[in-house]
Amino acid sequence: MKATRIFYDKAVLPDGAIVEMTIWQLPNTSPERTHGLKYSLFYGRDGRRIVGYDNERGKGDHKHVHGIEFRYKFLSVEQLVADFLADVERMKNEHHE
């Protein structure tokens, strides 16, 4: 059985930045993905990632902010999206100052 996409949203912001979020339900959990989800959340502009959250195989849950990788503690899908969007807002405000 393959992974099933359970959420997808993409927006192009007025400044040309892209916010794209995809979450898949996996057929099985694993020690790396005990929540049974695979996700990729992206915010970037001009071909570069500014903020990204993912759980790539071999790395577990983590996020990228301006090229620096941080561990991320997954609690729920709702919290994941809220944390990602909060980081996006922070970076947008930082960019416009």
Side-chain angles (χ1 to χ4, degrees):
M1 188 154 112
K2 297 191 318 190
T4 304
R5 186 167 74 178
I6 59 171
F7 179 76
Y8 178 77
D9 188 57
K10 180 178 181 180
V12 179
L13 305 180
D15 66 357
I18 296 170
V19 177
E20 187 170 19
M21 299 179 280
T22 309
I23 303 172
W24 296 269
Q25 179 70 56
L26 299 172
N28 301 300
T29 61
S30 69
E32 247 181 0
R33 297 176 178 148
T34 57
H35 43 66
L37 301 171
K38 176 175 170 44
Y39 55 87
S40 175
L41 289 71
F42 171 87
Y43 168 64
R45 182 186 305 102
D46 302 324
R48 73 179 218 288
R49 176 177 55 198
I50 299 168
V51 177
Y53 282 52
D54 67 277
N55 60 345
E56 172 183 330
R57 185 170 286 152
K59 290 192 169 190
D61 300 306
H62 63 282
K63 68 179 185 175
H64 308 261
V65 180
H66 284 303
I68 301 170
E69 189 173 305
F70 302 91
R71 292 182 58 103
Y72 177 74
K73 182 170 176 55
F74 181 93
L75 300 174
S76 68
V77 169
E78 295 80 11
Q79 190 63 54
L80 170 72
V81 171
D83 291 343
F84 170 70
L85 293 175
D87 278 344
V88 168
E89 283 305 311
R90 236 185 324 279
M91 294 302 110
K92 282 170 46 181
N93 292 335
E94 186 178 284
H95 177 71
H96 289 114
E97 292 178 358

message: The test is side chain to side chain contact (heavy atoms under 4.5 Å, CB included); show your working for Lys92 and Leu13 and say whether it passes.
response: CA-CA 11 Å; Lys92 282 170 46 181; Leu13 305 180; 4.1 Å; yes

statement: Sequence neighbours excluded, the answer for ring pair (Phe, Tyr, Trp, His ring centres under 6.0 Å) partners of Phe84 is Tyr53

I need the minimum non-hydrogen distance between [X] and [Y], along with the two atoms involved.
X: Ile18; Y: Val12; answer: CG1-CG2, 4.4 Å
X: Tyr72; Y: Asp83; answer: OH-OD2, 2.6 Å
X: Leu41; Y: Thr22; answer: CD1-O, 4.4 Å
X: Tyr43; Y: Ala17; answer: CE1-CB, 3.6 Å
X: Asp9; Y: Phe7; answer: CB-CZ, 3.9 Å

I need the [X] [atom1] to [Y] [atom2] distance, nearest 0.5 Å.
X: Lys59; Y: Arg71; atom1: NZ; atom2: CZ; value: 12.5 Å
X: Met21; Y: Leu85; atom1: CE; atom2: CG; value: 5.0 Å
X: Trp24; Y: Ile6; atom1: CH2; atom2: CD1; value: 10.5 Å
X: Ile50; Y: Phe42; atom1: CD1; atom2: CZ; value: 7.5 Å
X: Ser76; Y: Glu78; atom1: OG; atom2: CD; value: 4.5 Å

- request: Begin from the C-alpha positions of Phe74 and Gln79 and carry the test side chain to side chain contact (heavy atoms under 4.5 Å, CB included) through to its verdict.
  value: CA-CA 8 Å; Phe74 181 93; Gln79 190 63 54; over 6 Å; no

message: Using the side chain to side chain donor-acceptor pair (under 3.5 Å) criterion, which residues pair with His64? Sequence neighbours excluded.
response: Arg49, Asp54, His62

Check: Gln25 side chain, Gly36 main-chain N or O, donor-acceptor pair, under 3.5 Å: yes

message: With heavy-atom distances below 4.5 Å as the criterion, would you say the side chains of Arg45 and Met91 are in contact?
response: no

- prompt: With sequence neighbours left out, what residues match Asn55 under side-chain contact (heavy atoms from CB on, under 4.5 Å)?
  reply: Arg33, His35, Lys38, Tyr39, Asp61

message: Under 4.5 Å between side-chain heavy atoms, counting indirect links through other Ile/Leu/Val/Met/Phe/Trp/Tyr residues: same cluster for Phe70 and Val51 or not?
response: yes

